Structure formats: structure tokens, C-alpha cells
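Please read the structure below before turning to the comments.
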Amino acid sequence: MKQDGSSAALLAWYDAHARELPWRISPMERRNGVAPDPYRVWLSEIMLQQTTVAAGKSYFERFTDLWPTVTALADAEDEVVMGEWAGLGYYARARNLLKCARVIRDEHQGIFPRTRVELQALPGVGPYTSAAISSIAFDQSETVVDGNVERVVSRLFRVETPLPTAKPELTELATRLTPSERPGDYAQAMMDLGATICTPKSPVCSLCPLQDFCEAHAAGDASRFPLKLPKKPKPTRHGHAYVGRSARGEWVLQKRPEKGLLGGMLGWPGTEWQDPHPKRAPYEGNWQEVGEVRHTFTHFHLILTVHAAADVERTPDSLTLRGQNAFRASDLPTVMRKAFDLAYAKLEG
DNA sequence: TACGCGTGGGC
DNA sequence: TGCCCAAGCGT
């Protein structure tokens with residue numbers, strides 16, 4: 001690729017087409033010396049890992065309303081934060097979010113470090129996120145390489161190596177393209193370009209500021225890139241979940257272990273999720289089968305048979321009782337909320 | 001290095 | 001409708 005001028009073309013495009021997002025400052029504001037809030041940049045970057053802007057936006061608003069500063073978040077109760085994260089997925093992010101906030105509070109005087117190396121030492125902050133915070137929040141010259149940048153660069157250079165093998169090669173090419181001017185705007189410009197123009201399925205090359213620099217566009221095969229290794233098929237697992245309510249109207253929940261799937265979240269007690277699994281109630285009740293929930297996780301499909309019982313009398317101490325005022329279905333991860341919806345319709349219907 | 005880890009939207 | 005995909009990280 002002939003790259004001279006590509007960064008200038010991209011920055012000019014960004015000046016006119018930057019997306020307005022609640023954690024961002026505009027190119028105009030940045031030019032006038034306004035700096036973004038590193039807390040908001042960090043929070044948005046964690047929330048948007050493997051997550052669309054559309055999905056993350058309302059969570060960002062809610063979190064910053066509840067906890068306007070990193071110290072406020074650090075002081076929050078784990079259970080409340082996990083409940084607010086419920087539905088967004090990848091719950092290790094929320095656990096690491098809290099860990100990170102407390103490291104910032106306790107070891108960094110409540111101030112985010114500026115350098116990529118210091119940032120990457122924080123829980124949940126890896127190569128991408130450290131570069132993003134350093135460049136976007138502190139305007140340091142770092143190269144961000146996320147899925148958008150990988151796609152843009154693989155097309156600019158028609159990289160025939162499939163992902164994830166191609167990652168180091170794409171990182172090297174992206175680094176070579178990064179200008180020393182306006183690093184924060186440039187990072188966001190690359191991601192905006194990938195999100196709005198250089199999209200996975202039907203890139204809109206006719207509107208692309210890098211059209212004249214792009215080998216794939218010249219060859220007319222932009223949508224062929226990036227190449228990807230074939231994925232493994234997802235197996236289907238089965239399980240049973242038990243949505244119970246005590247005679248006093250308390251829901252019978254179970255806090256899941258900190259590690260592993262849905263770690264640290266509330267859920268309904270039940271069987272393991274494996275191959276067809278025998279039904280076995282975790283405690284006594286007048287159980288009735290109310291239906292099936294189908295749900296797909298990252299690496300398997302789940303068919304969950306849901307059982308419901310009201311007027312449960314005794315429950316094991318390992319379970320958590322939540323009265324009407326202390327229970328919100330929205331605090332549950334999605335698969336558990338689906339099970340609740342099914343059982344609730346039956347119990348109330 | 002490769003795998004485990006969620007969810008919702010688009011086609 | 002089933003598959004692909006989205007601002008990755010930790011182990």
C-alpha cells in the first residue's frame with residue numbers, strides 16, 4: 001500500500017464523521033484542549049470488549065449515574081455491581097472491573113496511570129485496552145489493535161494470512177500506519193471507520209477515506225478480508241433449573257462460584273449442564289415442569305428444562321433467599337432471567 | 001498457544 | 001433460522 005497521506009485522510013474524515021458517544025470528546029473539543037475523563041474511557045473500553053456499542057451504551061449511562069468516579073465504584077458492593085452488569089455478559093469483566101477500581105483507589109491514589117505498561121498491569125486491561133486508554137484518554141502515541149483495526153488493515157494490505165495467526169502481522173502493519181499527530185483521535189478514527197464503513201459483510205468502499213490507499217478495494221474483494229480459520233462446532237448440553245418461591249414469597253437463588261461460567265452471578269439451583277442430565281431437585285418442593293429455555297453461550301448450546309414450585313417450606317443453607325423487595329430479575333444473567341420469566345408466568349398465570 | 005468466557009443484532 | 005459477528009482478557 002502507498003500509505004503517505006492515509007492518516008491525514010483518515011483524520012480529516014474523522015473530523016467530519018466522528019460518532020458522538022457518551023464517553024467521548026469531539027475532535028473540536030480535543031483541539032480546544034479538553035481532555036476526556038480517564039475513568040469514563042476505561043469503563044467504556046471494558047464494557048465494549050467483544051460487545052457492541054448499541055448493547056453497552058445504556059450500561060455505561062447507568063454505571064456512571066450510580067458511580068461517577070472510579071473511587072465511588074471501588075467503594076460499591078460487589079453484589080450491586082454484578083447485578084448492574086447482569087445481561088451484558090462476560091462476567092469476568094465485571095469482577096476485574098471492581099478489582100481494577102480498587103487497585104486504582106488503593107495503589108494509585110485514585111488516579112489512572114498514563115502509560116501503556118502501567119495500564120496493562122491492571123486487572124482486565126490487556127494489550128488493546130491499555131493502548132486505547134493511553135491514546136484516547138492521555139493522547140499518548142500508542143497503536144490500538146482491535147477487531148476493527150484488524151479488519152481495516154487486513155484489507156488495506158490484502159493480508160492472506162488467516163486470523164488469529166495474522167494478529168502479529170496486522171499489529172506490525174497497524175503500528176507502521178500510526179501517525180505521531182493526534183494519537184487519540186486517530187485511534188478512534190480507525191475504530192469508527194471499521195464500525196461504520198469498513199464493516200465485515202458489506203463494506204461501503206465508495207464512502208471510505210482510505211479507498212485510494214486500499215489494495216483490497218483496488219482488487220475489488222474487500223469483503224474477503226480478514227481471512228479466518230474455521231471454527232469448531234458447538235455441542236449441545238442439557239440441564240435442569242429449579243425456580244422456587246417460599247411460602248413467604250421469597251425466591252430461592254444460588255450464588256455461583258467466582259470462577260467459571262457466569263462466575264459470581266446469581267442463578268437458580270439445578271443440575272450440572274452436560275449431556276442429557278437426569279432431573280434432580282436441589283431441595284424439596286411441589287415441582288412442576290414449566291418448559292424449556294434454549295440459550296447459546298460462547299462454546300455450547302444449552303437446553304435447560306425449567307421447574308417451578310411455590311410454597312417451598314425448607315431450603316438448604318447454601319441457597320440465598322430473596323424477598324420481593326430484594327429481588328430483581330434484571331440482576332440475573334440472561335439465561336437465568338429467561339428461566340425466571342418462564343417460571344413466573346406459570347406461577348402467576 | 002488455545003481455550004473458556006455471554007449476549008443481542010443482523011442477515 | 002442458524003450462523004456470524006462485536007472496542008479482548010486470563011489462564
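Keep in mind it's a predicted model, so treat the numbers as computed, not measured. Chain naming here is simple, since letters A, B, ... match the order of the sequence lines and numbering starts at 1 in each.
A distance of 6.0 Å or more separates the ring centres of A/Phe60 and A/Phe63. When ring centroids are compared, A/Trp23 and A/Tyr39 stay outside the 6.0 Å threshold. Between A/Trp85 and A/Tyr59, the gap from one ring centroid to the other reaches at least 6.0 Å.
Note: CG (A/Leu48) to P (C/dG8) measures 8 Å, nearest angstrom. Distance, A/Leu227 CG to C/dC4 C1': 15 Å, rounded to whole Å. Between the CG atom of A/Leu304 and the P atom of B/dT7 there is a distance of 12 Å, rounded to whole Å. Per the geometry, CZ belonging to A/Phe300 stands 10 Å off C1' belonging to B/dG6, to the nearest Å. Counting to the nearest Å, the C1' atom of B/dG4 and the CZ atom of A/Arg93 are 14 Å from each other. A/Leu302 places its CG atom 16 Å from the C1' atom of B/dG4, with the value rounded to the nearest Å. Between the P atom of B/dG6 and the CZ atom of A/Arg237 lies a distance of 12 Å, rounded to the nearest Å. Across the protein-nucleic acid pair, A/Leu119 atom CG and C/dG8 atom C1' stand 16 Å apart, rounded to whole Å.
Base contact: A/Leu21 has a heavy atom under 4.0 Å from a base atom. Residue contacts shown for A/Ser44 are absent, as no nucleic acid heavy atom lies under 4.0 Å away. Among the heavy atoms of the strands, none lies under 4.0 Å from A/Trp85. Within 4.0 Å of A/Pro164, counting heavy atoms only, lies no atom of the nucleic acid at all.
Residues A/Glu61 and A/Ser58 bring no donor and acceptor atom of their side chains to less than 3.5 Å of each other. When only modelled atom types and interatomic distance are considered, A/Ser130 and A/Gln120 share a side-chain donor-acceptor pair under 3.5 Å. Counting only N and O atoms by type, the side chains of A/Thr51 and A/Arg93 include a donor and acceptor under 3.5 Å apart. Side-chain atoms of A/His295 and A/Lys338 form a donor-acceptor pair, as typed in the model, at a separation below 3.5 Å. Side-chain contact check for A/Gln49 and A/Thr129: at least one donor-acceptor pair (N or O, by modelled atom type) lies under 3.5 Å.
Residues A/Arg182 and A/Asp15 are paired through a salt bridge, judged by an N-O separation under 4.0 Å between the basic side chain and the carboxylate.
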Taking only N/O atoms, report every protein-nucleotides 8-11 of chain B pair under 3.5 Å with atom names and distance.
residue, atom, partner, partner atom, Å
B/dG8, OP1, A/Thr334, OG1, 3.4

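For A/His299 and B/dG4, the shortest distance from a side-chain N or O to OP1 or OP2 is not below 4.0 Å. Distances shorter than 4.0 Å separate none of the side-chain N or O atoms of A/Tyr90 from OP1 or OP2 on C/dA6. Phosphate proximity of C/dA6 to A/Arg151: present, with a side-chain N or O under 4.0 Å from OP1 or OP2. Here A/Thr51 does not reach the OP1 or OP2 of B/dG6: none of its side-chain N or O atoms lies under 4.0 Å away. The phosphate of C/dG8 has OP1 or OP2 within less than 4.0 Å of a side-chain N or O from A/Gln50. At least one side-chain nitrogen or oxygen of A/Lys231 sits closer than 4.0 Å to the OP1 or OP2 atom of C/dC5.
Residue A/Pro200 has its side chain nearest to C/dA6 when only C/dA6, B/dG6, B/dT7 are considered.
Distance check on atom P: B/dG8 versus C/dC9 gives 23 Å, rounded to whole Å.
Both A/Lys99 and A/Val53 sit near DNA chain C, but only A/Val53 has its closest nucleotide nearer the 5' end. For A/Lys228 and A/Asn96, each mapped to the nucleotide of DNA chain C holding its nearest heavy atom, the one lying further toward the 5' end belongs to A/Lys228.
Taking 3.5 Å as the limit, the base of B/dG6 and the side chain of A/Thr298 contain a donor-acceptor pair of atoms between them.
Contacts with DNA chain B (heavy atom under 4.0 Å) in residues 261-276 of chain A: A/Leu261, A/Leu262, listed by number.
Taking the six-membered ring where tryptophan is involved, the planes of A/Trp268 and A/Phe340 are essentially parallel, since the angle between them stays under 30° and well short of 60°.
Between A/Ile111 and A/Ile104, every side-chain heavy-atom pair lies at or beyond the 4.5 Å cut-off.
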